[in-house]
Amino acid sequence: MTERAPLSRKLSAIAESATLKVDAKAKALKAEGRPVISYAAGEPDFPTPQFIVDAGIAAMHNPANFRYTPAAGLPELREAIAAKTLRDSGLQVEPSQIIVTNGGKQAVYQAFQAVVNPGDEVLLPAPYWTTYPEAIALADGVPVEVFAGSDQEYKVTVEQLEAARTEKTTVLVFVSPSNPTGSVYTPEETKAIGEWALEHGIWVITDEIYQNLVYEGTKAVSIVEAVPALANQTILVNGVAKTYAMTGWRVGWMVGPKDAIKVAANLQSHLSSNVNNVAQRGAIAALTGPQDEVEQMRQAFDRRRQLIVTELNKIEGMKVPNPLGAFYVYPDVTGLLGKTWRGKTPTTSLELADLILDEVEVAVVPGEAFGPSGFIRLSYALGDEELLEGVRRLQELFS
């Protein structure tokens, strides 16, 4: 009998999402009755605001929502996204320049598929969200990491990008506020990077999913607002998941030049067609309804941000830059490595994360998931009591 043909080499090379893997392990331990506190998942602990839920319930009573609708999204939602894009990113677009996707993750995947050709190099500032390099590889691109450490507040410079640029460079990933670091580029830094990309004809894929979660009076200036001429070579990725506590609703979108959106829309027409209509109706309510609860959630995140930064900074050997956006803190833990803690001597942040989970039942994501070793990511999108208890366990472990 002839041996079965092999599985796809491309898909077999994909690594499982590290953040979801750590979160799943933490949940499994909790199910066993262990008092695990998890900082792994980037998911608000708040319920979706009731007026959004009500819009979804109302949509369930309209048979029109049980049918196929345009693959690129409901016209009303695309109009609402266009209004948000103008309001928050300073870019005026037509609804035809928008595709509604199954969460921001699908938008990221399709953005790379739309502008990356085999062998193209994609500049990827590190630390980066764990999905980016895999999505680049799925588009047959080559991720080129450009690392900025805690001394730079995890923000790359034009000089670093230029040093990494080659004749094969066609795309730059730009994320502000950042997952995993919470860093926010200043308007001046954003403008400088945008002008550099414009000068060299480089596509920019900018993930703006956290743009409304900023603190201390910070504004996450969109790269297309800083450099309007860049709009013709920029794809914006966004969604309702983080700002509106709608992670499970799975509604994201991509915005870009008509030619790029056209090829991405063709892909989506074969890949998934339209997003769940009930969820789209909820997203319309989110974008067009009252924003009071959004502000309340942002203020709660800000309070937690200040608390976790203050408490983590009490741990000797842990360096914690002040994050101005998203809901993550990204300590530099190189000062804890190579030392013995409860009989174990971790030499990497992966080993350190395992030690933390084993010894004090706290789940964090190691820096290896986002680039170089020597860091850990903690999400502070969890309840205040759990947040403080988890940090106290870390303080005790490393005292």
Side-chain angles (χ1 to χ4, degrees), residues 19-20 22-47 150 153-154 177-184 210 213-216 218 242-243 245 247 293-333 335-336 339 341-342 346 349 352-367 369-370 375-399:
T19 52
L20 296 182
V22 172
D23 188 54
K25 183 177 181 180
K27 287 176 179 175
L29 292 172
K30 277 188 176 183
E32 295 174 5
R34 292 176 59 178
V36 173
I37 293 176
S38 177
Y39 296 97
E43 182 171 41
D45 64 316
F46 302 106
S150 57
E153 297 180 332
Y154 306 118
S178 162
N179 173 8
T181 68
S183 296
V184 181
Y210 296 99
L213 293 174
V214 287
Y215 316 106
E216 298 184 22
T218 301
K242 313 298 184 176
T243 302
T247 51
E293 290 180 72
V294 168
E295 176 57 18
Q296 290 169 12
M297 288 189 281
R298 190 196 67 82
Q299 291 179 11
F301 288 138
D302 190 14
R303 183 182 67 252
R304 296 170 183 178
R305 177 186 69 92
Q306 296 177 57
L307 175 62
I308 196 169
V309 169
T310 298
E311 294 301 317
L312 288 177
N313 271 321
K314 294 178 181 178
I315 299 174
E316 186 176 350
M318 190 177 284
K319 183 178 179 182
V320 190
N322 184 36
L324 294 177
F327 38 62
Y328 307 103
V329 62
Y330 201 69
D332 181 330
V333 294
L336 299 175
K339 299 179 179 179
W341 310 101
R342 299 189 182 180
S349 49
L352 185 72
D354 285 339
L355 181 151
I356 290 170
L357 184 59
D358 292 341
E359 295 297 326
V360 294
E361 298 182 311
V362 170
V364 301
V365 185
F370 312 107
F375 308 86
I376 57 174
R377 190 194 78 171
L378 297 86
S379 167
Y380 49 86
L382 71 167
D384 294 48
E385 290 185 13
E386 268 200 320
L387 183 148
L388 189 55
E389 169 60 21
V391 175
R392 283 175 176 162
R393 293 183 192 179
L394 295 177
Q395 291 172 337
E396 180 182 356
L397 173 61
F398 297 118
S399 62

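Note: hydrogens, waters and symmetry copies are ignored here, and every other heavy atom, side chains too, is used. We count residues from 1, following the sequence as given.
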**Report entry** Residue that, paired with V364, satisfies side chain to side chain contact (heavy atoms under 4.5 Å, CB included) out of L352, L357, I37, I356
**Finding:** I356
**Report entry** Any residue meeting ring-ring contact (aromatic ring centres under 6.0 Å, His included) with F398, in chain and number order, not counting sequence neighbours
**Finding:** W341
Report summary line: For G367 and S349 the tightest heavy-atom approach is N-OG, 3.4 Å
Query raised in the report: Under 6.0 Å from the CD atom of Q299, do we count more than 12 heavy atoms belonging to anything else shown?
Result: yes
Query raised in the report: Passes salt bridge (Lys or Arg N to Asp or Glu O under 4.0 Å), R305 versus E216? Steps please.
Result: CA-CA 11 Å; R305 177 186 69 92; E216 298 184 22; 3.0 Å; yes
Query raised in the report: Which residues pass the ring-ring contact (aromatic ring centres under 6.0 Å, His included) test with Y380, sequence neighbours left out?
Result: none
Query raised in the report: Got a sec, which residues hit ring-ring contact (aromatic ring centres under 6.0 Å, His included) with Y328, two or more places apart in sequence or on another chain?
Result: Y210
Query raised in the report: Taking only residues two or more places apart in sequence or in another chain, which ones pass side-chain hydrogen bond (donor to acceptor under 3.5 Å, both in side chains) with N313?
Result: none
Query raised in the report: Counting N and O atoms only, with roles assigned by atom type, does the side chain of Y330 sit under 3.5 Å from a partner on the main chain of Y154, one being a donor and the other an acceptor?
Result: no
Report summary line: Here the pair of heavy atoms bringing S178 nearest to A326 is O-CB, 3.8 Å
Query - Non-hydrogen atoms of P321 and P323 that approach each other most closely - result: O-CD, 3.1 Å
Atom pairs and distances, donor-acceptor, side-chain atoms in residues 385-394, under 3.5 Å, two or more places apart:
residue	atom	partner	partner atom	Å
E389	OE2	R393	NE	3.1
R393	NH1	P35	O	2.8
R393	NH1	V360	O	3.1
R393	NH1	E361	O	3.1
R393	NH2	P35	O	3.1

Report summary line: Separation between CG (L312) and CG (L307), nearest 0.5 Å, reads 9.0 Å
Report task. Report yes if some heavy atom in the side chain of I376 is under 4.5 Å from a heavy atom in the side chain of Y39; otherwise report no. Result -> no
Requested in this report: Check for a donor-acceptor pair, side chain of K242 on one end and backbone N or O of G42 on the other, with a separation under 3.5 Å.
Outcome: yes
Query raised in the report: So, for P177 and L213, which heavy atoms are closest and what is the spacing to 0.1 Å?
Result: CG-O, 4.2 Å
Query raised in the report: Taking the side chain as C-beta and beyond, is there a heavy-atom pair between P346 and L336 under 4.5 Å?
Result: no
Query raised in the report: Passes side-chain contact (heavy atoms from CB on, under 4.5 Å), L397 versus L355? Steps please.
Result: CA-CA 10 Å; L397 173 61; L355 181 151; 3.6 Å; yes
Query - Residue pairs involving residues 294-314 (criterion ring pair (Phe, Tyr, Trp, His ring centres under 6.0 Å); sequence neighbours excluded) - result: F46-F301, F301-F327
Query raised in the report: Atom CD in E293, atom OG1 in T243: separation rounded to 0.5 Å?
Result: 13.5 Å
**Report entry** P180 versus R377, closest heavy-atom pair with distance
**Finding:** CB-CD, 3.3 Å
Query raised in the report: Can you find a pair of side-chain heavy atoms, one from P44 and one from T247, that are under 4.5 Å apart?
Result: yes
Report summary line: Heavy-atom closest pair (G325 atom, V184 atom, distance to 0.1 Å) is N-CG2, 3.7 Å
Query raised in the report: After noting the C-alpha distance and the side-chain angles of F375 and F370, does the key distance pass the ring-ring contact (aromatic ring centres under 6.0 Å, His included) rule?
Result: CA-CA 9 Å; F375 308 86; F370 312 107; 10.0 Å; no
Query raised in the report: Is Q395 reaching over with its side chain to a backbone N or O of E311, donor-acceptor style, under 3.5 angstrom?
Result: yes
